[in-house]
Amino acid sequence: MKFAIQVNEGPYQHQASDTAYQFTKAALEKGHEVFRVFFYHDGVNNGTRLTTPPQDDRHITNRWIDLAEKYKLDLVVCVAAAQRRGIVDDDEMKRQGKDATNIAPQFRISGLGQLIEAGIQSDRLMVFGD
Amino acid sequence: MLHTVNKSPFEKNSLDTCMRLAKAGSAILLIEDGVYAAIKGTEVEAKMKAAAGDKKLYVLGPDIKARGLDEGQVIDGITVVDYGGFVDLAAENDKVQAWL
């Protein structure tokens, strides 16, 4: 079965980002396909490589990166939500005249159309948020 | 249809809204703080037992443990599942609605 995952909550906020990760991991381990993980609203904060949690805490961003590397996941950050919250890739840095980027590896910034496409292409759209 | 509820019934009314609108035969999975609704001896226990009459009720085991609770405290008639069980429920039901 093909799943699409929508994450509306930031890391270390409540539990939605953790639940989304655990669900995605379990689905992949069961042999299902995950078409895309779409990070929306505060969920875009999952995609900054500058995240530095204490060593005895889970590293939510790296956990997504590792899962994406292992299963070739498509991790998409909503561009409008990212602009508001300062999540920047090379293109956005140039376009907005910023002096740095912070997007994590394996993540990419794109538009809301990617969420709609994921919903159409997948059998189930799973929403995780607060 | 699968409904997921992630809020405590003592904090928000998401579970009540879900219960009111979910059709008979639906599956309801309690996750995150929603798992408090599955614990015996609270004021929502009677409501959960009544709902178990025409709906299938599930609770996410790891989220019970994460709150220092025990699966033995779960109300009879509510099935404990793990993340793999969550995936199975999402696959078995034709639609999924998250009540946030």
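Order of the sequence lines fixes the chain letters, A, B, ..., with proteins taken first and strands second; residue numbering starts at 1 for each chain.
- The aromatic rings of Phe107(A) and Phe39(A) sit tilted relative to each other, their planes meeting at an angle between 30° and 60°.
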Write out the donor-acceptor pairs between chain A and chain B under 3.5 angstrom, atom names and distance to 0.1.
| from | atom 1 | to | atom 2 | distance (Å) |
| --- | --- | --- | --- | --- |
| His14(A) | NE2 | Asp33(B) | OD2 | 3.2 |
| Gln15(A) | OE1 | Arg67(B) | NH2 | 2.7 |
| Gln15(A) | NE2 | Asp63(B) | OD1 | 2.7 |
| Thr19(A) | OG1 | Glu32(B) | OE2 | 2.6 |
| Lys30(A) | NZ | Asp88(B) | OD1 | 3.1 |
| Lys30(A) | NZ | Asp88(B) | OD2 | 3.2 |
| Arg124(A) | NE | Ala90(B) | O | 2.7 |
| Arg124(A) | NE | Asn93(B) | O | 2.6 |
| Arg124(A) | NH2 | Ala91(B) | O | 3.0 |
| Arg124(A) | NH2 | Asn93(B) | O | 2.7 |
| Gly129(A) | O | Asn6(B) | ND2 | 2.9 |
| Asp130(A) | OD1 | Lys7(B) | NZ | 3.1 |

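- One hydrophobic cluster, built from ILVMFWY side chains closer than 4.5 Å, cannot hold both Leu100(B) and Leu30(B); they sit in different ones.
- Ile5(A) is connected to Ile109(A) through a chain of hydrophobic side-chain contacts under 4.5 Å among Ile, Leu, Val, Met, Phe, Trp and Tyr, so both are in one cluster.
- When each of Phe128(A), Phe38(A), Phe35(A), Phe23(A) is checked for a ring pair (Phe, Tyr, Trp, His ring centres under 6.0 Å) with Phe3(A), only Phe23(A) meets the rule.
- Among pairs with a residue in residues 109-119 of chain A, those fulfilling side-chain hydrogen bond (donor to acceptor under 3.5 Å, both in side chains) read Arg36(A)-Gln114(A), Arg36(A)-Glu117(A), Arg108(A)-Gln114(A), at least two apart in sequence or across chains.
- Comparing Ala90(B), Ala98(B), Ala66(B), Pro62(B) by how many heavy-atom pairs each has under 4.5 Å with chain A, the most go to Ala90(B).
- Follow the hydrophobic side-chain contacts under 4.5 Å out from Val35(B) and you reach Leu15(B) in the same cluster.
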